[in-house]
Number of protein chains: 2
Amino acid sequence: MSANSQFTTAVHALCWIELAARQGESPITSERIAESLASHPVLVRRVLAPLREAGLVAVGRGPGSGWRLGRSAERITLREVYTALAPGGPFALHAHDPKPDCPVGHGIRPALTEVFADLEAVMARELARHTIAGLLDHLLRTYPVG
Amino acid sequence: MSANSQFTTAVHALCWIELAARQGESPITSERIAESLASHPVLVRRVLAPLREAGLVAVGRGPGSGWRLGRSAERITLREVYTALAPGGPFALHAHDPKPDCPVGHGIRPALTEVFADLEAVMARELARHTIAGLLDHLLRTYPVG
DNA sequence: GAATGTGTAACTCTTTCAGTTGCACACCAT
DNA sequence: ATGGTGTGCAACTGAAAGAGTTACACATTC
């Protein structure tokens with residue numbers, strides 16, 4: 001396993017915030033979200049912090065306060081979640097520079113960087129097809145609890 | 001950085017094997033490949049081993065022996081390299097299971113698994129557009145040494 | 001049989017990540 | 001204003017993954 005699970009955690013949290021809102025519970029605390037994740041409130045805040053910067057969620061501070069979606073769930077795509085979290089993609093170049101006097105060693109990095117940029121682009125396009133609302137509806141319908 | 005650099009190392013090695021072959025040096029040893037990578041022969045063998053299983057490269061053992069492409073460089077795609085190396089994708093679900101009695105916690109994993117499978121598919125399609133020969137020609141032409 | 005080369009397991013070192021603790025700050029109610 | 005509730009963030013811990021390295025067994029050529 002070569003990736004972190006922040007994207008999964010973030011999507012889970014957003015779906016949960018939306019579901020809670022549909023049930024009239026909004027805003028919702030990090031504590032409540034952490035319960036569903038079987039995790040800790042600090043992790044929830046850590047993951048949600050960049051989403052707050054991106055305007056995907058809004059947060060209040062006092063008692064009875066907590067997290068709320070920054071806009072309607074129909075207009076939050078997984079692409080926005082992904083880019084808010086991952087400035088760099090899941091692809092890594094060499095751990096250290098290869099020999100620059102070798103023709104391959106000299107050109108492989110920029111060449112692969114182009115390939116990786118194309119991969120990021122098609123991934124982003126695919127992620128943009130899914131919204132939080134769509135994903136939540138899908139999982140509630142396709143994988144009902146019980 | 002959330003990914004390993006094995007894919008980069010493998011593509012680098014394959015390009016180098018092909019370039020050496022074009023220059024009449026074939027097969028080529030792990031030692032020679034490791035030089036260009038500024039790495040170690042053992043790492044080269046570790047990365048190339050699964051490619052050998054997939055038939056992308058062939059290897060001999062005695063003196064004057066080493067690595068050779070398993071088929072022509074025009075017919076080895078980056079997709080094959082990727083799938084030979086990464087049985088699991090770069091996307092991770094939760095570190096541990098979420099609460100199954102929560103509707104979101106119950107359905108989020110299978111739902112996101114579907115999304116990740118779609119992402120793998122579009123990535124594979126994009127990677128299939130590139131071959132070792134094409135990549136090598138491109139980097140030699142676009143990024144000439146000196 | 002000696003030299004060359006791969007195969008692989010085991011180890012170290014570093015980095016990264018999830019998990020955790022602690023404390024400062026903000027907000028609301030009384 | 002005061003105490004309870006909640007987020008913000010820095011720092012620490014423990015576990016896991018990965019690159020790099022060593023060592024040794026095995027295969028092939030001469």
Side-chain angles (χ1 to χ4, degrees), chain A residues 1-10 12-13 17 20 25-53 57-68 70 85-98, chain B residues 1-10 12-13 17 20 25-53 57-68 70 85-98:
Chain A
M1 190 87 55
S2 55
N4 59 22
S5 58
Q6 290 196 358
F7 177 75
T8 294
T9 301
H12 186 151
I17 293 171
E25 305 180 42
S26 182
I28 187 179
T29 67
S30 306
E31 183 84 34
R32 291 283 314 278
I33 300 173
E35 273 178 38
S36 169
L37 281 160
S39 183
H40 289 258
V42 176
L43 290 187
V44 174
R45 296 189 193 113
R46 235 181 348 230
V47 167
L48 255 35
L51 303 190
R52 181 196 54 204
E53 300 295 323
V57 288
V59 67
R61 287 205 142 197
S65 166
W67 300 91
R68 208 174 321 110
L85 287 173
F91 311 103
L93 291 173
H94 307 73
H96 51 250
D97 289 14
Chain B
M1 189 90 58
S2 55
N4 59 25
S5 59
Q6 289 195 0
F7 177 76
T8 295
T9 302
H12 186 151
I17 294 171
E25 303 179 42
S26 182
I28 187 179
T29 68
S30 305
E31 181 83 34
R32 291 283 313 280
I33 300 174
E35 274 178 38
S36 169
L37 282 161
S39 182
H40 285 78
V42 175
L43 289 187
V44 174
R45 296 189 195 112
R46 257 211 293 258
V47 168
L48 255 35
L51 304 191
R52 180 196 54 205
E53 300 295 323
V57 288
V59 67
R61 287 203 141 197
S65 165
W67 300 91
R68 208 174 322 112
L85 287 173
F91 311 105
L93 292 173
H94 308 73
H96 51 251
D97 288 15

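First the proteins, then the strands, lettered A, B, ... as listed; each starts at 1.
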Quiz item: Does the side chain of Leu48(B) come within less than 4.5 Å of Ile33(B)'s, by heavy atoms?
Solution: yes
Practice problem: Without swapping roles, check the side chain of Thr29(B) against the backbone of Gly66(B) for a donor-acceptor pair under 3.5 Å. | Solution: no
Quiz item: For Ala38(B), does its backbone N or O pair with a side-chain atom of His96(A) as donor and acceptor, under 3.5 Å?
Solution: yes
If I take atom [atom1] in residue [X] and atom [atom2] in nucleotide [N], what distance separates them, rounded to the nearest angstrom?
| X | N | atom1 | atom2 | result |
| --- | --- | --- | --- | --- |
| Gln6(A) | dT16(C) | CD | P | 13 Å |
| Arg68(B) | dT6(C) | CZ | C1' | 13 Å |
| Leu93(B) | dA18(C) | CG | P | 13 Å |
| Ile28(A) | dG6(D) | CD1 | P | 11 Å |
| Ile33(B) | dG5(C) | CD1 | C1' | 12 Å |
| His94(A) | dG20(D) | NE2 | P | 10 Å |
| His12(A) | dA18(C) | NE2 | C1' | 16 Å |
| Asn4(A) | dT15(C) | CG | C1' | 14 Å |

Name all residues meeting the side chain to side chain donor-acceptor pair (under 3.5 Å) criterion together with [X]; count only those two or more places apart in sequence or in a different chain, and write none if there are none.
| X | result |
| --- | --- |
| Glu31(B) | none |
| Thr9(A) | none |
| Ser36(B) | His12(B) |

Practice problem: Could you note down all residue pairs passing salt bridge (Lys or Arg N to Asp or Glu O under 4.0 Å) where residues 37-49 of chain B supplies at least one of them, sequence neighbours left out? | Solution: none
For nucleotides 9-14 of chain D, print each protein N/O atom paired with a nucleotide N/O atom at under 3.5 Å, atom names and distance only.
residue	atom	partner	partner atom	Å
dA11(D)	N6	Arg46(A)	NH1	3.2

Exercise. List for me each residue that meets side chain to side chain contact (heavy atoms under 4.5 Å, CB included) alongside Ala95(B), sequence neighbours excluded, and say none if there are none.
Key: none
Exercise. Please name all residues satisfying side chain to side chain contact (heavy atoms under 4.5 Å, CB included) with Ala34(B), sequence neighbours left out, ordered by chain then number.
Key: Pro41(B), Val44(B)
Practice problem: Respond yes when some side-chain nitrogen or oxygen of Thr29(B) is under 4.0 Å from OP1 or OP2 of dT4(C), and no when none is. | Solution: no
Exercise. Look at His96(B) and dG19(C) and indicate whether a side-chain polar atom (N or O) is within less than 4.0 Å of OP1 or OP2.
Key: yes
Quiz item: Which comes earlier along DNA chain C counting from the 5' end, the contact point of Gly64(B) or that of Leu43(A), where each point is its nearest nucleotide?
Solution: Gly64(B)
Exercise. Would you kindly compare Ala38(A) and Ser30(B) by the position of their nearest DNA chain C nucleotide and give the one closer to the 5′ end?
Key: Ser30(B)
Distances for protein N or O near nucleotides 25-27 of chain C N or O, under 3.5 Å:
residue	atom	partner	partner atom	Å
dC25(C)	O2	Arg61(A)	NH1	3.3
dA26(C)	O4'	Arg61(A)	NH1	2.5

Quiz item: What's the closest nucleotide to the Ser39(A) side chain, out of dA19(D), dA18(C), dG19(C)?
Solution: dG19(C)
